[in-house]
Protein chains: 2
Amino acid sequence: MERSGGQATINDVARLAGVSKKTVSRVINRSALLGEETRRRVEQVIAELGYVPNPQARALALRRNFLIALVHDNPNAQTVMNVQQGLLEGVAGSEFELVVRPVRRGSPTMLDDLRAFIERQRPFGVLLMPPVGDLPPVVDLCRALGCRHVRMSAVAGDPASTVASNDREAVRHAVSYLVEQGHRRIGHVAGPDGFLSAAERRAGFEEAVAAAELALPRSWIAQGSYTFESGQEAGERLLDLSPRPTAIFCANDEMAAGLVHAARARGLDVPRDLSVIGFDDTPIAAHLWPPLTTVRWPSISMARTAALKLIGGEQEVEEPSRFLSTLIRRASVAPPPAD
Amino acid sequence: MERSGGQATINDVARLAGVSKKTVSRVINRSALLGEETRRRVEQVIAELGYVPNPQARALALRRNFLIALVHDNPNAQTVMNVQQGLLEGVAGSEFELVVRPVRRGSPTMLDDLRAFIERQRPFGVLLMPPVGDLPPVVDLCRALGCRHVRMSAVAGDPASTVASNDREAVRHAVSYLVEQGHRRIGHVAGPDGFLSAAERRAGFEEAVAAAELALPRSWIAQGSYTFESGQEAGERLLDLSPRPTAIFCANDEMAAGLVHAARARGLDVPRDLSVIGFDDTPIAAHLWPPLTTVRWPSISMARTAALKLIGGEQEVEEPSRFLSTLIRRASVAPPPAD
DNA sequence: TTGTATGCGTTATCAC
DNA sequence: GTGATAACGCATACAA
């Protein structure tokens with residue numbers, strides 16, 4: 001039932017309904033002051049024509065568009081997908097669409113690329129995934145450009161523009177759990193510099209170790225880059241030590257998987273000879289052998305809330321801005337071997 | 001150097017450069033007929049003002065927008081990310097943006113949702129990821145709506161609207177490799193109904209087995225749903241058989257991972273007691289223990305080509321529309337155990 | 001309650 | 001080569 005020339009417009013509706021464009025506009029926008037009879041007639045015509053308002057035109061007239069952008073540096077596919085899902089849940093039922101914009105942290109042109117994107121596209125708002133959102137220049141850029149933004153981060157910040165997880169505390173709990181199991185020599189595979197999450201997780205680790213009054217030789221902390229391979233290498237360094245740690249907390253699951261490989265390669269059994277805890281609860285954690293004890297952070301609901309903060313008015317900032325992670329206990333942790 | 005009232009517009013440029021809007025428009029669109037001197041002057045003002053054309057207004061005037069949509073049903077996070085990356089590579093340097101639109105295959109409202117999305121947003125084109133693109137009603141919908149579309153699929157189709165991998169052939173090679181290793185009892189964990197990829201992979205499996213003149217009892221094929229758990233269950237059924245297969249080809253890596261778990265749970269060693277091959281070469285394949293032999297299909301370049309088909313004119317359909325998968329040999333395959 | 005005139009930022013038409 | 005002027009589809013201000 002469409003017009004031959006393509007999509008029906010507000011003019012077609014107005015003409016066929018015998019009213020003015022403005023009246024149609026009122027129907028669309030659910031204006032209160034409208035004759036019941038008129039509204040019904042217009043709605044009838046809209047239905048007949050299959051009329052749908054043109055978002056481009058709306059955007060132009062309203063001087064704002066209905067795009068929210070996900071800016072990320074793809075540390076992990078599943079996490080990005082979770083965030084996309086959360087954002088879409090947050091904007092579901094609204095007229096907003098999600099556009100994705102990967103950037104390369106470290107690229108010298110990243111800031112220029114981002115600026116060009118924002119200036120061109122003028123998204124209504126952007127979500128800055130870690131670690132991009134932890135980069136002050138990026139946040140400054142958004143501010144300078146007058147672009148609404150919400151950061152996902154491992155540390156709390158301005159509630160209006162931040163949704164944060166409690167990585168440090170969650171790691172403290174995880175490491176305390178190792179202590180409860182009887183471990184006294186606990187190592188750590190840390191994440192890369194530049195990641196706030198890595199710093200927080202390391203801080204949580206050190207706090208828990210200190211609280212338990214355990215020794216922590218410098219060599220028990222090995223740095224990785226959040227990749228499987230770096231976890232493998234860090235694991236080799238850690239497992240070469242003598243005495244070696246009986247438990248290792250890894251700053252993410254990928255590195256934990258690498259560590260488990262390294263352990264297996266030298267004939268160590270997890271968890272009999274070595275307990276391992278990861279972070280993120282990506283699918284790899286549950287599918288590893290043995291299934292990996294790990295920390296799950298609520299990426300989906302964080303993203304959902306971020307979307308609401310982005311598109312909601314000021315009032316909706318009532319949403320929580322701090323999200324709690326939980327320890328998922330699987331089979332990769334056991335008491336330490338008897339010496 | 002921006003106007004106080006916000007973003008500079010074409011009017012500001014025209015005024016400051018002392019030319020008409022149309023002339024500025026000509027500069028932006030690199031019109032050939034333009035005075036060298038005029039062009040320079042306008043470009044100077046554009047640079048000073050930091051002027052950027054408004055895509056919304058462009059879209060309205062041109063009666064077309066610059067959005068391409070990725071429609072998917074998220075079978076696997078890494079694959080979706082690969083496709084996003086490929087699409088973005090394909091549109092890099094252009095003014096196109098990527099919007100993501102997950103749908104739920106199986107939901108009774110899927111078609112309506114998709115229709116509403118296309119009618120509202122009027123994307124310039126959509127990429128249909130498998131299995132969505134393999135659903136005839138979806139393709140018909142796009143056609144009926146006059147929406148450009150390209151399907152990613154496991155079988156060839158109209159080159160203008162299809163990029164295809166050669167799953168069947170790739171699986172034949174993979175299974176032949178098992179035969180070469182000496183296996184005579186080869187099982188299969190098949191993918192779910194409704195997935196063309198699952199059907200193709202199964203067909204490739206059966207063809208290879210037939211070509212080697214091997215027996216193939218019905219019970220050596222177990223169906224899964226592309227998930228880890230379903231692979232585990234299928235594995236249990238297959239490994240209960242007596243005699244049991246000495247090698248199993250799984251229609252994707254997730255199920256292969258589940259199968260390996262099932263094997264390990266009953267004390268079988270991979271690859272000593274059981275050889276396993278997966279499909280997709282997702283990260284889990286390389287990180288499994290043992291590292292999984294699998295088939296890699298070029299999702300990124302397929303998506304890149306799809307993007308070019310989408311945004312390119314008719315001439316650019318010269319791009320290949322059939323992509324070759326390759327067998328990645330890792331440690332999960334070995335000769336069968338001596339009986 | 002409804003209509004008219006005007007603007008949003010860009011491109012297209014067709015003069016000059 | 002360049003510039004008025006009218007679209008594009010919708011929303012707002014202000015009348016009526």
Side-chain angles (χ1 to χ4, degrees), chain A residues 2-3 5-43 45-46 49-67 95 119-124, chain B residues 2-43 45-46 49-67 95-96 119-124:
Chain A
E2 291 171 12
R3 227 179 27 155
Q7 185 71 4
T9 78
I10 199 173
N11 286 307
D12 302 323
V13 177
R15 186 156 27 78
L16 265 72
V19 297
S20 75
K21 296 188 337 184
K22 179 55 196 170
T23 300
V24 179
S25 178
R26 285 201 178 90
V27 174
I28 296 170
N29 298 304
R30 316 196 176 293
S31 163
L33 3 99
L34 248 180
E36 198 44 47
E37 163 61 20
T38 315
R39 146 165 293 140
R40 245 200 309 280
R41 187 154 35 103
V42 171
E43 277 172 347
V45 175
I46 287 180
L49 250 40
Y51 164 72
V52 183
N54 179 328
Q56 324 287 336
R58 264 172 76 74
L60 186 56
L62 289 169
R63 272 177 294 275
R64 69 201 269 287
N65 68 20
F66 296 90
L67 267 24
E95 45 195 337
E119 286 186 334
R120 263 212 332 277
Q121 208 58 33
R122 308 226 141 266
F124 181 79
Chain B
E2 290 171 12
R3 228 180 26 157
S4 55
Q7 185 70 2
T9 78
I10 200 172
N11 287 307
D12 303 321
V13 178
R15 185 157 26 79
L16 264 74
V19 298
S20 75
K21 299 191 330 187
K22 182 56 192 170
T23 300
V24 178
S25 177
R26 286 200 178 92
V27 174
I28 297 170
N29 298 303
R30 317 195 176 292
S31 164
L33 3 100
L34 248 180
E36 199 46 45
E37 164 60 20
T38 316
R39 147 166 291 139
R40 247 201 308 279
R41 187 153 36 101
V42 172
E43 277 172 347
V45 175
I46 288 180
L49 250 41
Y51 164 73
V52 184
N54 179 328
Q56 324 287 334
R58 262 172 77 74
L60 184 57
L62 290 169
R63 272 177 293 276
R64 73 205 264 297
N65 69 20
F66 295 91
L67 266 26
E95 45 196 337
F96 283 91
E119 285 185 335
R120 264 213 330 278
Q121 207 58 34
R122 307 228 141 264
F124 182 80

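Remember, predicted model here, so these are calculated numbers, not experimental data. All chains are named by letter (A, B, ...) in the order of the sequence lines, taking the proteins before the strands, and each is independently numbered beginning at 1.
Using a 4.0 Å heavy-atom cutoff across all strands shown, Val24(A) reaches no nucleic acid atom at all. The residue Leu62(A) sits close only to the backbone: its heavy atoms come under 4.0 Å of sugar-phosphate atoms, none of a base. Contact annotation for Leu60(B): base contact, defined as any heavy-atom pair under 4.0 Å involving a base atom. Heavy atoms of Val52(B) sit under 4.0 angstrom from primed sugar atoms or phosphate atoms, though from no base atom.
Residue Thr23(B) has a polar side-chain atom (N or O) positioned under 4.0 Å from OP1 or OP2 of dG3(D). Within the structure, every side-chain polar atom (N or O) of Thr9(B) is placed at least 4.0 Å from both OP1 and OP2 of dG9(C). OP1 or OP2 of dG9(C) has not a single side-chain nitrogen or oxygen of Asn11(B) nearer than 4.0 Å. Applying the 4.0 Å criterion to OP1 and OP2 of dT11(C), one finds that Arg58(B) has a side-chain N or O inside that range. Taking side-chain N and O atoms only, Ser25(A) has no distance below 4.0 Å to OP1 or OP2 of dT12(D).
In this structure, Gln56(A) places its CD atom 21 Å from P of dA7(D), rounding to the nearest Å. The interatomic distance linking Gln7(B) (CD) with dG9(C) (P) rounds to 10 Å, in whole Å. Here dT10(C) presents its C1' atom at 13 Å from CD1 of Ile46(B), a figure rounded to the nearest Å. When the C1' atom of dC10(D) is taken as reference, atom CZ of Arg64(A) falls 14 Å away, rounded to whole Å. Put simply, CD on Glu36(A) is 12 Å from C1' on dT1(C), counting in whole angstrom units.
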Step by step, work out the ring pair (Phe, Tyr, Trp, His ring centres under 6.0 Å) result for Phe124(B) and Phe96(B). CA-CA 9 Å; Phe124(B) 182 80; Phe96(B) 283 91; 5.2 Å; yes

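If you check distances only, the side chain of Lys21(B) never reaches the base of dA4(D) with a donor-acceptor pair under 3.5 Å.
Mapped onto DNA chain D by nearest heavy atom, Ile10(A) and Arg26(A) fall at different nucleotides, with Ile10(A) at the one closer to the 5' end.
Residue Val13(A) forms a side-chain contact (heavy atoms from CB on, under 4.5 Å) with just one option from Ile28(A), Val27(A), Val24(A), and that option is Val24(A).
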